[in-house]
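Step one of this worksheet: look at the structure below.
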Amino acid sequence: MRALVGTALQSFDETVLVSKIYVFGNVAVAVTACENVENESNVERVVEMMLLVKEQGSWKIAAQAWDKASESQPIPADILGS
């Protein structure tokens, strides 16, 4: 996202490649691998992780973090399910 500072984001499309959710009681962790396309040309793959908390019957995002995949840091096979 730092590459977007000072530039114009004209379009952003995100495709979820795989999503896994682990639930225990009122807490959950969601792990999602996505492919993002910015301005119809810049393609990146990312892994997003969210900590979820169930409050009064509804799930809320308590924390979220993500990191970009690269040749030196590919998305692990166990996340992709392969």
Tabulate below the donor-acceptor pairs under 3.5 Å that side-chain atoms of residues 47-65 make, not counting sequence neighbours, or state none.
none

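- For the atom pair Gln10 CD and Glu38 CD, the distance stands at 12.0 Å (nearest 0.5 Å).
- Although no hydrogens or angles enter the test, the distance criterion places a donor-acceptor pair under 3.5 Å between the side chain of Asn39 and the main chain of Ser11.
- Here the closest heavy-atom approach between residue Ala33 and residue Ile75 is recorded as CB-CD1, 4.2 Å.
- Taking NZ from Lys68 and CG from Asn36, the interatomic distance works out to 10.5 Å, rounded to the nearest 0.5 Å.
- Taking hydrophobic clusters as Ile, Leu, Val, Met, Phe, Trp and Tyr residues chained together by side-chain heavy-atom distances below 4.5 Å, Leu80 shares a cluster with Val29.
- With sequence neighbours excluded, the residues satisfying side chain to side chain donor-acceptor pair (under 3.5 Å) with Glu35 are Arg45.
- Listed by chain and number, the residues in a side chain to side chain donor-acceptor pair (under 3.5 Å) with Ser70 are Ser72 (sequence neighbours excluded).
- Interatomic distance, CG of Leu17 versus OG1 of Thr32, reported as 10.0 Å (0.5 Å rounding).
- Linking ILVMFWY residues whenever their side-chain heavy atoms come closer than 4.5 Å, directly or via other members, places Val18 and Val31 in the same cluster.
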